[in-house]
Every structure is written in structure tokens, then in C-alpha cells.
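Here's the structure we're looking at; comments come further down.
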Amino acid sequence: MASETKVVNLAEEAKLAREGVTAPSYAFTTICKSLVAGGVAGGVSRTAVAPLERLKILLQVQNPHSIKYNGTIQGLKYIWRTEGFRGLFKGNGTNCARIVPNSAVKFFSYEQASKGILHLYQKQTGNEDAQLTPLFRLGAGACAGIIAMSATYPMDMVRGRITVQTEKSPYQYRGMFHALSTVLREEGPRALYKGWLPSVIGVIPYVGLNFAVYESLKDWLVKSNPLGLVQDSELSVTTRLACGAAAGTIGQTVAYPLDVIRRRMQMVGWNHAASVVAGDGRGKVPLAYTGMVDAFRKTVRYEGFGALYKGLVPNSVKVVPSIAIAFVTYEVVKDILGVEIRISD
């Protein structure tokens, strides 16, 4: 379920947790820098894997009676052959317009949630040396994911529809704002939140595990220093990329079926959805789900359990570098902007 995505200064929070220090409140400029870093991290990471992101969505929702995309390599070649280079990045502009604020809110929310959880835990236990546990990090990450996803969900919904359009589609959204206005006019405001429930459920393990695994793995490496990976109490960019890759792999595998259902529910009510997904208007299949459970039931009944993992391969290829790049870019940009940790004596 990106990222896609974040909510805490990952490097800072790990250090604060290890030292058992309550996080200080940041000045307005520091908060802005944190938001900028999160936004840059989201935009860079998603653009780097945009072709795989588009292919994943096409595999998730394509008409089973008119198969166009049979795998990662074949799918990318088909897009290149039929739509050219621009086709590989279709919907990326809308995705970046969504992921930049989403990523900024997610990272910042994680910071604030982690600080709040740590403060409450220390106060409740009376132990000022208490540290953030993996479970607490998972909870903070889940809170951050829900907040960020809900704030930008309408953009994600129309992004999904724009992404599945092809050159042969009988109807075209001309861009994000045209898609938003069209959905509002033809389907009503509630349509902008179709698929929100499975998204909320899916974001809890996805974002929660991303942050929990990433931070916990970094903490373990710093404390145990296997293979001499730690130098001057810091991990190298390569090691942090590996931590991010591990976090992304675990999170996306657990939450993937909910992402498939979310995408399919987003197509419901779109008059041209069946033909757009089919690509040429043939083999139309009515898209009708009464809710999340019904979507699960019909998908498994008519296409088998494996349909819940359609697009998993390109998503796995995508999510590892995407999550890794996002985490590392966030930390590097914050370093460049001069966002430092201030710990009172």
C-alpha cells in the first residue's frame, strides 16, 4: 500500500531514543525544513521508480478478459512500444503532486508522534531513561501513515485513474485538476474517497513496519556493529539504503492485497473504467463492488487468490529502491538544510 509515504526525523529520533531524551520542540523554520526534506524525499524516490509504479497499477486493475501486461519486462516493453518514453511516466506528475505533501506530512507526523509516545511512556512509567521500542515505533508510523494518506487521498484516487489511461482509451483525463473536477461533477465528493478504508487498514502495517523495521535495524547495527559497519557511531549511506530496502520489502508484502483492493475500488463508478483498463474498449467487465469485503470476495472468486498479488513483482522491484531512497534522501536533505539535534543538558 507508497509510499508509496513519514513522520519523524529518522536519524534524530533514533539518537534521542537511544539517549532517553525527550525530543525538544522545534522552531518554525526547523519544522519547515523538515517538511521540505520529507517532500524532496518523496518526489525523488517516486520519480526514480515511476515506470514500475505505473506498471504495477496497470497489472492490479487490468481486465482479466483482455490481458495486455503479462509481467514486468513484457509490460514495460509494451508500454514503451505503444506509448513511448512518456508513457512510462504517465501519472508521475500527479503522483509527485500527491507524494510531496504526503511525504512531508508523513515524516513530520512520525517525528511528532514518536516524541509524544515516548513522553507519555516515560511519564507513565516514571522512567526518564525509557526508550522507543519497535512496537512504539510501529504505532507512531501507523499514525503518521493514516494522517498523511487521509490528507492526500483524493489526489491518490485520481492519480490511479490517470495512470491506467492509455493512448487508445476512449476518454481522457487531461490532468489532476480536470480529473478532480470531473469526478466531483459526475460521481460526487464521496467518490474521491473510494477505497479509503482498505487504504487505512493497509497503511498501518505498511508505514508502521517501514518505520519500525528501519529504525530498529539501524539501532541494532549501531549497538552491535556487525562486520564493522559503524564508523564514528554513524551508518554509511549504503548501509542505510540496505535498512530501508529491508523495511520496504517487509511492509509492502504484508499490505499488498489491500493495495490491490484499494485500486480496484477506485475504479468503481467510473463510466469508462472497464474500457480504459482493457485498453481498447473490448472485453468490458462491469466494475461493481459494494465495499471492501465484497471487493475481496469477488476478486478471489472470479480470479483466484493470486489476483490479490497482481503486480507484486514490479512493486517489489520498485519498493526496495523507493523506500531506501526516500529514507536516505530525507536524512541527507535535513543535513544539507542544517537541521540539527538540540539536546538540553
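With sequence neighbours excluded, no residue satisfies ring-ring contact (aromatic ring centres under 6.0 Å, His included) with Phe177. Residues satisfying the ring-ring contact (aromatic ring centres under 6.0 Å, His included) test with Phe296, not counting sequence neighbours, are none. Every side-chain contact (heavy atoms from CB on, under 4.5 Å) that Ala97 has, sequence neighbours left out, goes to Met176. In this structure Ala142 satisfies the side-chain contact (heavy atoms from CB on, under 4.5 Å) test together with Ile204, sequence neighbours excluded. Partners of Pro51 according to the side-chain contact (heavy atoms from CB on, under 4.5 Å) rule, which considers only residues two or more places apart in sequence or in another chain, are Leu76, Leu88, Phe89. Listed by chain and number, the residues in a side chain to side chain donor-acceptor pair (under 3.5 Å) with Thr329 amount to none (sequence neighbours excluded). Residues satisfying the side chain to side chain donor-acceptor pair (under 3.5 Å) test with Thr239, not counting sequence neighbours, are Ser236. Every residue two or more places apart in sequence or in another chain was checked for a ring-ring contact (aromatic ring centres under 6.0 Å, His included) with Tyr302, and none qualifies. Under the side chain to side chain donor-acceptor pair (under 3.5 Å) criterion, Ser181 pairs with no residue at all, not counting sequence neighbours.
Evaluation of the salt bridge (Lys or Arg N to Asp or Glu O under 4.0 Å) test over residues 201-214, restricted to residues two or more places apart or in two chains, returns none. Pairs of residues two or more places apart, or lying in two chains, never qualify as salt bridge (Lys or Arg N to Asp or Glu O under 4.0 Å) while including a residue from residues 140-151.
With rounding to the nearest 0.5 Å, the separation of NZ in Lys56 from CG in Leu52 is 10.5 Å.
Between the side chains of Gln122 and Asn127, not a single donor N or O lies within less than 3.5 Å of an accepting N or O. One side chain, Asn315 or Gln252, offers a donor N or O that lies under 3.5 Å from an acceptor on the other.
The hydrophobic cluster containing Val213, built from Ile/Leu/Val/Met/Phe/Trp/Tyr side-chain heavy atoms closer than 4.5 Å, also comprises Leu138, Leu209, Ile250, Val254.
With salt bridges taken as basic N to acidic carboxylate O contacts below 4.0 Å, one links Asp156 and Arg263.
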